[in-house]
Enquirer: 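Shown below is the structure under consideration.
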Amino acid sequence: DNSPVCNTHPLVYTVTEFSAAGSVIGNVSCTDADEGANGALRYALRPASHHGLFSVDSSLGMVYLQHMPTAHNRGQYTITVEVHSGNLSTSQTLSVRVIGMSPVFVHTFTNTSAATTQPLQPAMAAATELYTDSTGKALNSTLLTLRAIDPGLPLLTSNIFYTLATGGSASFFNLDKCAGILAVLPSAAYDRQSTHNLLVIAAIRGQAMLSSNITVKVSVIVQPTVVPPLTTLPTAATSDAGTTEAETTPAATTTVSTVAVTTAAVATTAPVTSPTTIPTTTQPADTAATPPANTPPAT
């Protein structure tokens, strides 16, 4: 009587969460040199190694999912398949890893407050606008808030981290790895090209192999320099008493109002009259300076 011999390859398997119950994970391959009843192989999982997730076909040795795994089942599992032939047996150890699904980019937002109020919508691409002055200096610092979700844990936002793919225009921008907020770098000159195309990558924390990406198009809009209009200073009027009063307008300031009240108070005691023209009179000649004619001088 010969013992079964197993030559299973590979020994490590991967299954994604939400895979249907009954999905085949792998197959344990064994042989027995005996013939007849002694050569018939029977397969079974050791009770402590199935974890409530796995099972094995007793005749064919196929390992399959007994239940659909979820995010709570993520992790590495070691299962042992026992192979019996007559009164002899051997075993084969397999490693099964349950992993999550790749992140899914959903609705993008132009401000962070909307990130918790907008409905989730799949997003294949994103676009935003960057405003600059004539020198290329950015006028708006925050451009866009990107959001991706873990399909297995959609409410766990801390499970996702974001990165910018290197190269191209990536050095001009900054991406918050946790919040997904895309911002500009103040020192960069953005008017050198009209558009910037960025590749943003979202991955599940601890499982970098599970990642997705989205293209973000940033359009640069140069704002013209605005010249402020000329301001006309108010004129002043001078009264007969020599007092200068500022001409007031409907949008008078507190200072002007105080002056107006003071002037009104003065007007009740000494009203200001309009300027008048003083008539010019001819003064008589000084007779003492010239003696009258034919008058002898005094002795």
Side-chain angles (χ1 to χ4, degrees), residues 1-105 122 124 148-163 165-166 199 201-214:
D1 193 2
N2 296 293
S3 297
V5 176
C6 297
N7 52 4
T8 303
H9 294 286
L11 298 177
V12 179
Y13 298 91
T14 300
V15 61
T16 305
E17 64 185 13
F18 302 120
S19 296
S23 299
V24 176
I25 300 174
N27 185 37
V28 176
S29 177
C30 300
T31 60
D32 192 316
D34 296 330
E35 296 181 356
N38 288 338
L41 301 178
R42 302 182 307 276
Y43 300 89
L45 281 180
R46 286 183 181 173
S49 69
H50 61 76
H51 306 284
L53 283 176
F54 312 104
S55 187
V56 64
D57 187 290
S58 61
S59 301
L60 302 176
M62 291 186 300
V63 179
Y64 58 90
L65 286 173
Q66 187 173 1
H67 300 288
M68 180 182 70
T70 66
H72 301 289
N73 301 122
R74 293 176 185 174
Q76 194 85 14
Y77 298 89
T78 300
I79 62 177
T80 302
V81 179
E82 294 180 342
V83 186
H84 300 271
S85 172
N87 295 324
L88 301 177
S89 65
T90 188
S91 63
Q92 180 73 76
T93 300
L94 305 176
S95 179
V96 181
R97 186 182 185 188
V98 177
I99 62 174
M101 300 176 66
S102 297
V104 176
F105 278 95
M124 305 304 295
I149 62 171
D150 181 343
L153 299 168
L155 300 181
L156 184 62
T157 57
S158 61
N159 203 32
I160 303 293
F161 69 95
Y162 306 85
T163 55
T166 57
L199 186 65
I201 303 171
I204 296 179
R205 193 174 302 277
Q207 300 184 48
M209 58 181 285
L210 299 176
S211 63
S212 299
N213 58 69
I214 191 173

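Quantities reported herein were computed from a predicted structural model and do not represent experimental measurements.
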Enquirer: To the nearest 0.5 Å, what is the distance between CG on N159 and CG on D150?
Expert: 5.0 Å
Enquirer: Calculate, to the nearest 0.5 Å, the distance between atoms CZ and CG belonging to F54 and L45 respectively.
Expert: 9.5 Å
Enquirer: Could you work out, with side chain to side chain donor-acceptor pair (under 3.5 Å) as the rule, every residue matching N2, not counting sequence neighbours?
Expert: D34
Enquirer: What residue pairs, at least two apart or across chains, pass side chain to side chain donor-acceptor pair (under 3.5 Å) with a residue in residues 12-22?
Expert: E17-R74
Enquirer: Just how far is it from atom CZ of R42 to atom CG of D57, taken to the nearest 0.5 Å?
Expert: 14.0 Å
Enquirer: Under 3.5 Å, which donor-acceptor pairs do the side chains of residues 63-72 form with other protein atoms, sequence neighbours left out?
Expert:
unit_1, atom_1, unit_2, atom_2, d
Y64, OH, S55, OG, 3.3
T70, OG1, H72, N, 3.4
T70, OG1, N73, OD1, 3.4

Enquirer: Please work out whether the ring planes of F105 and Y162 are parallel, tilted or perpendicular, with thresholds of 30° and 60°.
Expert: tilted
Enquirer: Between side-chain atoms of residues 86-93 and protein atoms elsewhere (two or more places apart, or another chain), which donor-acceptor pairs fall under 3.5 Å?
Expert:
none

Enquirer: Sort and list the pairs that fulfil side chain to side chain donor-acceptor pair (under 3.5 Å) and have at least one residue in residues 21-32, not counting sequence neighbours.
Expert: N7-S29, D32-S85
Enquirer: When rounded to the nearest 0.5 angstrom, what distance separates CD1 in I149 from CG in L156?
Expert: 11.5 Å
Enquirer: Just verifying a value: how many Å separate I204 CD1 and I160 CD1, rounded to the nearest 0.5 Å?
Expert: 5.0 Å
Enquirer: So which heavy atom on A202 is nearest to which on P103, and how close?
Expert: O-CG, 3.6 Å
Enquirer: Between G100 and L210, what is the shortest heavy-atom contact and its length?
Expert: O-CD1, 3.1 Å
Enquirer: Can you list the residues that meet the side chain to side chain contact (heavy atoms under 4.5 Å, CB included) rule with Y43, with sequence neighbours excluded?
Expert: V28, C30, L41, V56, V81, V83
